[in-house]
Amino acid sequence: MPATPDRIRQDRRLIGQTLFKLSLTRLAILAVGIVIAAGIWIYIASWILNDASPWIQGLDQSIGLNWQHILGPTAVSLLNSVINPWLWRILALIWTLIVGYSLKAWILSSLAAGRLYAVDSRVLADLRPHLCDEVVDVLRWVWQDRSEPFTLGDLQRAHKELGSNRIGKIALMREQTAILGQDAGDDFQADERPRATRRPTEPTLGRTR
């Protein structure tokens with residue numbers, strides 16, 4: 001009997017729970033990394049927007065530079081009122097892009113490495129008795145490279161494919177394979193023709209001297 005939609009949803013939830021358990025450690029590491037990166041980003045961005053300009057002014061005073069004598073009062077006023085605020089905002093934006101790009105690259109790299117993680121055979125052995133045969137067929141279907149172990153990425157793909165009616169597609173594929181395979185054999189036999197046989201050549205007498 002084919003699996004019912006409720007049974008398929010139940011098996012899909014079970015696979016999702018297994019995925020969560022296997023990915024829990026990596027997800028925890030990612031969460032800690034994101035929190036640390038967010039803390040560093042907030043600290044540096046706050047320093048750029050709030051503390052950098054007074055720090056530069058204090059540094060100028062400590063080394064005895066007087067920008068008003070060098071640039072003039074008008075240039076210094078323009079720098080402080082217009083250019084200076086936007087300069088620090090641009091620097092904060094650049095810092096945000098650097099942190100965001102680095103964090104995204106790290107997350108994607110970590111997730112890609114996690115998908116290559118080989119699923120322990122005991123996990124599959126514990127999971128198999130609770131799954132119907134149609135769902136197991138999907139697990140076999142996603143495991144296309146049999147030269148490599150069954151990975152976490154294969155389990156993730158099976159979970160996704162179960163939500164997109166892969167069971168129905170496999171059944172249709174088998175039905176079409178049976179039809180086309182039988183027809184292909186019939187057509188091959190029908191198209192066979194007896195090969196033309198060569199007419200034996202009669203022996204000829206050569207010239208005699």
- Charged N to carboxylate O under 4.0 angstrom, Asp133 versus Arg140?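 Judged by the 4.0 Å cut-off on N to carboxylate O distance, Asp133 and Arg140 do not form a salt bridge.
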
- salt_bridge(Arg7, Asp11) N-O dist < 4.0 Å: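 Looking at Arg7 and Asp11, the cut-off is met.
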
Once you round to the nearest 0.5 Å, how far does [atom1] of [X] lie from [atom2] of [Y]?
{"X": "Leu27", "Y": "Leu22", "atom1": "CG", "atom2": "CG", "value": "10.5 Å"}
{"X": "Asp154", "Y": "Leu139", "atom1": "CG", "atom2": "CG", "value": "9.0 Å"}
{"X": "Ser164", "Y": "Lys169", "atom1": "OG", "atom2": "NZ", "value": "4.5 Å"}
{"X": "Gln176", "Y": "Arg174", "atom1": "CD", "atom2": "CZ", "value": "13.0 Å"}
{"X": "Leu116", "Y": "Glu148", "atom1": "CG", "atom2": "CD", "value": "9.0 Å"}
{"X": "His159", "Y": "Arg13", "atom1": "NE2", "atom2": "CZ", "value": "9.5 Å"}

Are [X] and [Y] connected in the hydrophobic side-chain network, where two residues link if heavy atoms are under 4.5 Å apart?
{"X": "Leu172", "Y": "Ile167", "answer": "no"}
{"X": "Leu30", "Y": "Leu152", "answer": "no"}
{"X": "Ile36", "Y": "Trp41", "answer": "yes"}
{"X": "Leu19", "Y": "Ile107", "answer": "no"}
{"X": "Val135", "Y": "Met173", "answer": "yes"}

- Item | side chain to side chain contact (heavy atoms under 4.5 Å, CB included) between Glu134 and Ile8, worked out | CA-CA 8 Å; Glu134 289 81 359; Ile8 294 174; 5.7 Å; no

- Query: How close do Ile34 and Trp106 get, heavy atom to heavy atom, and via which atoms?
  - Reply: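 Result for this residue pair: N-CZ3, 4.4 Å.
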
- Message: For a quick check under 3.5 Å, do Asp6 and Thr4 share a side-chain donor-acceptor pair by atom type?
- Response: no

- Query: Regarding Arg26 and Ser110, is there a side-chain donor-to-acceptor distance under 3.5 Å anywhere?
  - Reply: yes

